[in-house]
Structures are given as structure tokens and as C-alpha cells.
Amino acid sequence: MTFQRAVPKRLSLEPLPEKFAEHLRSFAFAGHDSVDMAAPERIDIESPLLQQPLGWVPKVGADATCAAFRAARAVQPEWHQLGVKKRAKIISKFHDLVFSNRELIMDLVQLETGKARAGAFDEVTDVANNARYYAGQAPKLLRPQKKRGGMPVLTKTYLHHDPKGVVGQISPWNYPFSLGISDAIPALLAGNTVVAKPDSQTPFTSLLIAHLLSVAGLPDGVFTVVIGSGGVVGTAIAENCDFLMFTGSTATGKVLAEQVSKRLVGFSAELGGKNPMIVASDAHLDTAVRAITHACLSNTGQLCVSIERIYVDQDIYQEFCERLADSFRAQKLGGALDWKNQVGSLVSAGQLETVEEFVADAKRAGARVLTGGKPRPDLGKYFYEPTILLDVPDSARLLREEVFGPVVYIQPVANVDDAVAAANGTCYGLNCSIFAAPKTAWKLAPRIHAGSVNINDGYVAGWASIDSPIGGYKESGVSRRHGAEGLYKYTEPKTIAQQRGFPIWGPQWLSQKSWSKVLWRSLSLGKKTGLLR
Ligand code: NAP
């Protein structure tokens, strides 16, 4: 099989491209005996940035996915036996490799997604953040924890965290590097092996991840990439995994939830959002506008936590709209492997069509375009202008549905109570942002129904606070990533308790009746004194 590449010279950075290509071939198909290597189906990848072929990858099916699971299951006990400290060393080395190969990673991510360099920088930073945090924390978090025993002194109790087994990961195209590995890092550290399916549009980044992990010392079969369609490979993952980590749309999340639930297998889902922002009358507009522009346009708006609706106090509405429109118009759009552009391309023709349809529907319903509202074929096939809509009526689909593009609407509100009600008024609850004087914002934040609330920032403050879990309320998700929760979800907590002296149900030298009185009295006393709290 040949790994064909038609990529710019820039990809010829270290590690050597031939070695890399060779590695991709072997790693992607490690353990896949059933793949017909002579005549595989293939997926052709076109770069939205270059608008030319980037290469192709062989497409696997359900049999190959099952084979990947068998291989991952076979090596999992050994990987667990290695111990968390040695696993952490490998992840720590991976962290260093991510930094030393950052230019290569950012090039590849930009080529596959069309995003601006800043978006690719976010991915590198996020992965490094996860690797550093979990490599440091996992040995502490996974240490057996002494717990209060059933009977003071006489019961010795420890909590252990066993790995689930083989974790299946399904990830989307919008952050192929970050979402291709960040959630797998705690799974690996907990002693699981991982079978990962990237989106079919962005497979090369996942193959580079596998390559870097291998260079860091990860044994074969511990992290395997399977590339194929969601309906086939994704379903096979749901049918074989011991835990599912899914990131993608709410619609797919619901399908997968049904599949894994039938097998009573746990899952974590990071899904869609329609994230609101509240701008109160005491917000500092000078600093807010730059941050809000970033929150709406990062990754060309193709970001689960980016802002798509803004509720502004009516007293500052006019001024705010003008300033934000000026800021949107000043953004530099373009596609190149450098830092000059602030807003990149959308990922595909399909994504451009979705954005155009949402805006056309809103306009038909009576919405007004304050700025943007048009594709930019002069810059590339899938470019779309940063867009602000006003007066969006109830009947417009984008009022509540996720656009996943550089489109935001602004609505005036009479006061912060109305803003909170509007912010909470959707089926989603992923992220919310509040621009206000800190005193106002900290009062509003607890009233928001979302997994993260960012004060005087769009989404980065919460996302980067990796010690604290994030995820979705309502239809935005199940379970959490980051923090201890992001590690423990990949484990089976196990209580080991040893009884010493005599059993809790009574010593031999006392009748059951007398023992019951002693026990009840002790329990009451324990509550009164606070000793048993
Ligand atoms: P999607 O259609 O759900 O696809 C995501 C992944 O699921 C892809 O790998 C896809 O594979 C696979 N898939 C599709 N159908 C499947 C099925 N029936 N069974 C199993 N797997 C299946 O999501 P998308 O629309 O491309 O991605 C954008 C969405 O993801 C947005 O809603 C965004 O908000 C959400 N997202 C959420 C987060 C978060 O952290 N909350 C982060 C990023 C994105 P193929 O495409 O290869 O078929």
C-alpha cells in the first residue's frame, strides 16, 4: 500500500517524512489482519486551505475495527501492570514531543481544517496542557485512597480505581489534534487502551498523534487509530468498547447513547451548544469588544463553546453593536501557513452550505445583516465573512439552533434578569459568557445553566482551567472532561474493606439484641458529637 502525499514542503520538517509515512502505515493498521491491504477502499482528503488533494488513507470497516479492539484488549492488562508512574513518563515525553514538533502539527492541522494559525496554536497548547496536567496528577489521583471504615478502627477500607478496559473514542473534525488525543490521555493514564476514530475529513492529524505517542514510548496496540465512516466504524466502536468517549453533534450523541446503553456500558458525551453571552450595562466595552470578537470567530466559529447569541443591556445596545461590527470588519481573513490571518476557512462545502442556509433563512424571516452575510470565494472555496445579525425573529432557525460558523446575533434586553432567562432558554447548556463588572457577573454566574461560565472572557478561561471539570448541561452532554472527573470516568471505583477484631454485625460474646442496642447508641452518639459525620 502506498501512502500518497501531495503536501507542501513545509511538512518535510523533522521527524523525517518517509519515516513518518511508514509509521502511519504500520500504526494505523496494527493488528488489523482482516484488512485487505492489496485493495483497500480509500478516503481522499482535500485541503480546504490549499483546495487541492492532501492525500488519501485506506478506509477500514467493522471487521478491522473489531480486530483493533481484540489487539487493544490483548495488550491492556500489560499496559495496566506497567503502573501509573511509567505510563505518566510516556505521556510526559509525548508532551515534550508536541512542543518540539509544534510547527509540523500546526501546519498539518491548518492543512486539514483550513483554520487560521491561532486556532492550530490553541490545539497544540490544549494538548500540552492536558498531557502535563494528567501526567502530573494521575499518579496522585490513582493512588489507593484510605477511606473511613464501616466501624472506626476495626474496618480498614481503601478505594482503588481500576481501568475500564478498552475505551472507544469518536471525535470530530473541528479540533482534530486537541479532540483526537486530549480526552484519551486520562484514559491511557488510568490503564486503559484506546481505539480512536477521527472524523473521516481529518485523519492525518490522528495518525500524527499515534506516531508521536509511539515515539514517546507507547507500546503497540495501546492507542490505535481506525479510519472509516461514523455509521460503520463508529457503530463498531460503540458495540465493542468498555467505555465510550464521544465528541460531536447532539444528534449523533443520542444515537450512540442508545447503542452503548443497551450493553450497559458507560459513556461520556461532549455535544453541541448555542452559547449565549450577556453584556451588562456596567461592562467595560473597550476591553470587551476584542474578547467578544475572539469568542465568536475563533476557528471561524466552528467551535462547540464559541458564542452565537449576545444579549446586551438596552442602554448600551446601539454603541455595542457599532463597536462589535467595526471589530468584525477589521478581522483579516485568509488561508496561509502563517500568523497573518485572524479568521480562516470553513472546513468544507457542506459546512459553507449550512452557514449560508442559516443566514438566508434568518433573512427571509426578517433578520437584518449588520455586517458580513456573504461567502468570500475570492479568498478560497469555503470562506465566509464574519457576520452579525440583528432583529432575528422567533421563526428563524438560528435563533436556537447551532450554526457552527462565524455568525452571531445581538438582542437588546431590559435588564440582567431578562438576559439570564434568555441565556437559559434553549435545550443546550455548554458554555456561557458574561461581560460585566465582576460584582455583577459573580452574582449572575450561578444562575446560568451551563457547564462553564466565563466572566469577562468568551470560553478560554474556563477551558484552560484544566483542574476544574467542564461539559454540558441538558442536550450539550453527559459527564465531564478535565479535572479529577475527567480521569475517574475511565475507571471502575472499587472498595476493598478488611474487617478486624469482630464483625460489624456483632461479636460472638454478645447476643444480637444487646449488640443492636450498643450499635444504635454508638451511632446516635457519633452523630451528636460529629465523630461520624
Ligand atoms: P458528528 O456528525 O456527530 O460527527 C462527529 C464524529 O462522529 C465523527 O467522527 C463522525 O464520523 C462520527 N459519527 C457520525 N455519525 C455517526 C454514527 N451514526 N455513529 C457513530 N459515529 C458517528 O459531528 P459534526 O457535526 O461533524 O461536528 C460538529 C458538532 O460537534 C457540533 O455540534 C459541535 O458543537 C460538536 N462538538 C462538541 C464539542 C464539545 O466538546 N462539546 C467539541 C467539538 C465539537 P464521520 O464524520 O467520519 O462519519
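Both counts, for ligands and for their atoms, begin at 1 and track the order of listing.
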For residues 351-362, please give each side-chain donor-acceptor pair under 3.5 Å, one per line with the distance, not counting sequence neighbours.
from: Gln351; atom 1: NE2; to: Phe404; atom 2: O; distance (Å): 2.9
from: Thr354; atom 1: OG1; to: Gly350; atom 2: O; distance (Å): 2.9
from: Asp361; atom 1: OD2; to: Arg397; atom 2: N; distance (Å): 2.9

Legend entry - Centroid separation His294 to Tyr459 less than 6.0 Å: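 Yes; Tyr459 has its ring centre under 6.0 Å from that of His294.
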Inset, instruction - State yes or no: are the ring centers of Phe243 and Phe267 separated by less than 6.0 Å? - result: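 Not under 6.0 Å, so no.
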Inset, instruction - Compile the protein residues with any heavy atom at a distance under 4.0 Å from an atom of ligand 1; present them by chain, then by number. - result: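 Within 4.0 Å of ligand 1, the protein residues are Ile170, Ser171, Pro172, Trp173, Asn174, Leu179, Lys197, Pro198, Asp199, Ser200, Gly228, Ser229, Gly230, Gly234, Phe246, Thr247, Gly248, Ser249, Thr252, Leu256, Glu270, Leu271, Gly272, Cys304, Glu402, Phe404, Leu430, Arg481.
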Legend entry - For Ser433, side-chain contact (heavy atoms from CB on, under 4.5 Å) partners two or more places apart: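 side-chain contact (heavy atoms from CB on, under 4.5 Å) check on Ser433 returns Met277, Ile307, Phe435.
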Inset, instruction - With sequence neighbours excluded, tell me which residues meet side-chain contact (heavy atoms from CB on, under 4.5 Å) with Pro446. - result: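 For Pro446 there are no side-chain contact (heavy atoms from CB on, under 4.5 Å) partners, ignoring immediate neighbours.
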Inset, instruction - State whether a side-chain donor-acceptor pair under 3.5 Å links Arg132 with Ser92. - result: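 The criterion, which ignores hydrogens and geometry beyond distance, is not satisfied for Ser92 and Arg132.
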